**Q** 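There's a structure below that I have some questions on.
Note that this is a predicted model, so its numbers are computed, not measured. Throughout, protein chains are lettered first and strands after them, A, B, ... in sequence-line order, and every chain is numbered starting at 1.
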Number of protein chains: 2
Amino acid sequence: MDLDLRKLRYFVAVAEHQHFGRAAEELYIAQPVLSRQIRAFEQELGCILLVRTTRSVELTAAGKQLYEEAQGILASVASAVRRVHDTDRGVQRLVVAFSPGLHVADAIRAFTSRHPDVETDVVPAPWWQQDAPLRTSRAQVGYLRRQFNETGLHVIPIGHEPRVACMPAAHPLACRQDLTSAELDGQRLLDSPKRRTSSLEEKFELIASGHGIALIPLGVARSYSRPDLVHLPVTDAPEVETCLAVAADRREKLLRDFLQTATATLRQT
Amino acid sequence: MDLDLRKLRYFVAVAEHQHFGRAAEELYIAQPVLSRQIRAFEQELGCILLVRTTRSVELTAAGKQLYEEAQGILASVASAVRRVHDTDRGVQRLVVAFSPGLHVADAIRAFTSRHPDVETDVVPAPWWQQDAPLRTSRAQVGYLRRQFNETGLHVIPIGHEPRVACMPAAHPLACRQDLTSAELDGQRLLDSPKRRTSSLEEKFELIASGHGIALIPLGVARSYSRPDLVHLPVTDAPEVETCLAVAADRREKLLRDFLQTATATLRQT
DNA sequence: GAGATCCATGCCCGTAAGGTATCAATCGCC
DNA sequence: GGCGATTGATACCTTACGGGCATGGATCTC
């Protein structure tokens, strides 16, 4: 079974755009090539991944499954290659996962000044599965919002964040100063870590187009502001805890140092 | 960065054989092809993976790193493809990891007779990291020896196993009926889950060639017997616990059913 | 020093990936 | 209902790369 990563990447592009033309554009290849490659890929795999008409491209069940799997495969290949390069060049590296809106810059700056020899990277943590980069050892430590399965992870709480209601600027409640959760009762809420296939951007798109409103952490709201959305404090909504997390079986000195530096940085501010 | 899985497989073959000719033979390609592919692979990666002389092939540090990474990548690609096929065909599958010498056949037979619609697979668990297949979700449940990090796993003890001393047939102690651990004091012991790069076969090779002796679970000794090695009971060595393990966040009905069937099977025997 | 072993190089061929031009089906619109 | 726009598929050509064979060149053995 000689799955080809090139074709897998092609498939991912098509799956994401649901459009052969745009996917081809992104991949810098001609559209007919993409059509043929995808068809060949389906034949190699022995199952149909996409249902195409001239007006739409949709994923089949197998296609959806492959798309999910592909995320992990491509990401782990990329980070494996990076680790090989690191080993080759003899550098140590610390990869920090972060949830959007949490600022890791201070801690990383402090850390790199103490360890100029260690290279650092940051990777975003998917909102629907904050712990994924830690579990797949793509990152060694994470600045995360505490809404994930903590088994096997060591978690250090570092703060709190209020939740705000995110709604279209045209919404009847949008002119208010703040809200209580009771006032949101009648509203359709698009809620959190359940639907695995949608990105934050998609979620905002849904909200902007009037499909509902959402309760999101303040930091997320700040980092994704759009003119057609407003964010209102919800006075009695439970706060979100933010935390540092590391895989419980990691014991490297580098990690301990980072945690120490990070918590020290927090205490100063 | 367009890493090619074919070349990665080629590299793995060479790394395992440390010999281009034999690797090529295993891959059913000509040796010159392999030489060129590996060289091209090194250029794509931008680092040297192998130091070759006409008499030996050795992995560089980067090569060793890549070899480690490759194991995981290739395994996860293979299991991803299988899951895609499963989704396509609409079948459910249960993958059982097992440590060598633990017999899972009864439980699986009982399970499949209760769930003829569910396909089952078994995969070997690496001795130096029994929990790996569960952590990478390559398997949903494992028959393992209880010598791994249990955080995030749900563990059900199912039995005990004595340890035996494994030594060359020519060893001075080899004629004994049994031993006590005190008698092993002077001996060089090759012990357990530390060296991550060696297979069980290599370990036995080391023992056979007189580099030391090892304490291993009886079941392992039984399933890997060689004429040039003998296994002697060590009367006071601590026993190894065997167990069923599942990822703590897995809650599928299928898994519960399997655990139930498996423990019931144990009680009968 | 002769022979064996083993990786590298040179040369050839076939397949498959990529490009351009074009077709065919569907939708929107007047 | 017909026309144009959009979009995926097909046809055909070119190029690049994987693979095979023959052979070179280095190293170890005896």
**Q** Between dC17(D) atom P and Leu34(B) atom CG, what is the distance in whole Å?
**A** 18 Å
**Q** Using a heavy-atom cut-off of under 4.0 Å over every strand shown, decide if Gln31(B) touches base, sugar-phosphate, or nothing.
**A** base
**Q** Output a table of nitrogen or oxygen pairs between the protein and nucleotides 11-15 of chain D separated by less than 3.5 Å.
**A**
none

**Q** Going by the rule side chain to side chain contact (heavy atoms under 4.5 Å, CB included), which residues pair with Pro168(B) if we only count those two or more places apart in sequence or in a different chain?
**A** His171(B), Ile207(B), Ile213(B)
**Q** Without decimals, in angstroms, what is the distance between Arg39(B) CZ and dG19(D) C1'?
**A** 18 Å
**Q** Please report the interatomic distance CD1(Ile29(A)) to CG(Leu34(A)), rounded to the nearest 0.5 Å.
**A** 4.5 Å
**Q** Can you name the residues that form a side chain to side chain donor-acceptor pair (under 3.5 Å) with Arg93(A), not counting sequence neighbours?
**A** Asp86(A), Glu119(A), Asp121(A)
**Q** Within this structure, what is the CD1-to-P distance between Ile48(B) and dA8(C), rounded to whole angstrom?
**A** 11 Å
**Q** Roughly, in whole Å, what's the span from CD in Glu44(B) to C1' in dA16(D)?
**A** 13 Å
**Q** Grab the CZ-C1' distance between Phe41(B) and dC17(D) for me, whole Å please.
**A** 16 Å
**Q** Taking only side-chain nitrogens and oxygens of Ser35(A), does any of them come within less than 4.0 Å of OP1 or OP2 of dA9(D)?
**A** yes
**Q** Restricting to pairs with a member in residues 223-232 of chain A, which pass salt bridge (Lys or Arg N to Asp or Glu O under 4.0 Å), not counting sequence neighbours?
**A** Glu205(A)-Arg226(A), Arg226(A)-Asp228(A)
**Q** Check each residue of residues 20-30 of chain A for a non-hydrogen atom within less than 4.0 Å of any atom in DNA chain C, then write out the ones that pass by number, or none.
**A** Tyr28(A), Ile29(A), Ala30(A)
**Q** Whole angstrom is fine here: how far is it from NE2 in His17(B) over to P in dT5(C)?
**A** 18 Å
**Q** Partners of Glu16(B) by side chain to side chain donor-acceptor pair (under 3.5 Å), sequence neighbours excluded?
**A** Tyr67(B)
**Q** Using side chain to side chain donor-acceptor pair (under 3.5 Å) as the criterion, list what pairs up with His19(A), not counting sequence neighbours.
**A** none
**Q** Would you please confirm or rule out a distance under 4.0 Å between OP1 or OP2 of dG8(D) and any side-chain N or O of His19(A)?
**A** yes
**Q** With His17(A), which residues qualify under ring pair (Phe, Tyr, Trp, His ring centres under 6.0 Å), at least two apart?
**A** none
**Q** Between atom CD1 in Ile38(B) and atom C1' in dT9(C), what is the gap in whole Å?
**A** 17 Å
**Q** Among Val220(A), Ile216(A), Leu232(A), which one satisfies side chain to side chain contact (heavy atoms under 4.5 Å, CB included) with Val164(A)?
**A** Ile216(A)
**Q** Between protein and nucleic acid, restricted to nucleotides 27-30 of chain C and to nitrogen or oxygen atoms under 3.5 Å apart, what atom pairs and distances do you find?
**A**
unit_1, atom_1, unit_2, atom_2, d
dC27(C), O4', Arg55(A), NE, 3.4

**Q** Taking atom C1' of dT10(D) as reference, at what distance in whole Å does atom CZ of Arg52(A) sit?
**A** 14 Å
**Q** Write out all pairs satisfying salt bridge (Lys or Arg N to Asp or Glu O under 4.0 Å) with one or both partners inside residues 20-42 of chain B, taking only residues at least two apart or from two chains.
**A** Glu42(B)-Arg52(B)
**Q** I'd like to check the side chain to side chain donor-acceptor pair (under 3.5 Å) partners of Thr87(B); sequence neighbours left out, ordered by chain and number.
**A** Gln65(A)
**Q** Does Tyr224(A) have any ring pair (Phe, Tyr, Trp, His ring centres under 6.0 Å) partners at least two apart in sequence or in another chain, and if so, which?
**A** Phe204(A)
